[in-house]
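Below, each value reflects all heavy atoms present in this structure, side chains not excepted, and no hydrogens, waters or symmetry copies. This structure is a prediction, so every number in the text was calculated from the model and none was measured.
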Amino acid sequence: MAAPAAVAVALQVALYAAAAWAVTAWARQTGWGGGQRVALAAGALLTYAWHAFLSRPVVDSTPALDLTSHVVLGLGAAALAAAAYRSARLRPRPVVSRT
């Protein structure tokens, strides 16, 4: 039995609000920096990429073209995440004074 659309929308909004609150709380903690931001962004990006394999195409296409586009998206997402990781590692961490 499916839930009414309003209940599903309300649940999704509540989950997004909880995730935003959690990320905001974590970001205020000591030690949160470029690595954590990259991990958060890469997780969202790669989740979007693998989810493409499970979704139906928006426009008519052949199965081969559909699979190829998903693989290219996934490889591009992985390359972007790797570049962001390298950039965050190469950037020096700011010195935090504890006085």
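- By the rule that hydrophobic residues join a cluster once side-chain heavy atoms approach within less than 4.5 Å of another member, L75 and L45 end up as members of separate clusters.
- Listed here is the closest heavy atom pair of S61 and D66: OG-CB, 3.9 Å.
- The main-chain N or O of A83 is never found under 3.5 Å from a side-chain atom of S87 such that the two would form a donor-acceptor pair.
- In terms of heavy-atom proximity, W50 sits nearest to L54 at CZ3-CD1, 3.1 Å.
- Across every non-hydrogen atom of A77 and A49, the tightest pair is CB-CB, 3.9 Å.
- Nearest heavy-atom pair, T68 versus A64, reported as atom, atom and distance to 0.1 Å: OG1-O, 2.7 Å.
- More than 12 heavy atoms of other residues, nucleotides or ligands shown are found within 6.0 angstrom of CZ on F53.
- Heavy atoms from other residues, nucleotides or ligands lying under 6.0 Å from CH2 of W26 number 12 at most.
- For the atom pair OG1 (T24) and CH2 (W32), the distance works out to 9.0 Å, reported to the nearest 0.5 Å.
- Looking only at distances, no side-chain donor or acceptor of Q12 sits under 3.5 Å from a matching main-chain atom of V9.
- Atom NE2 of residue H51 and atom CG of residue L46 lie 14.0 Å apart, to the nearest 0.5 angstrom.
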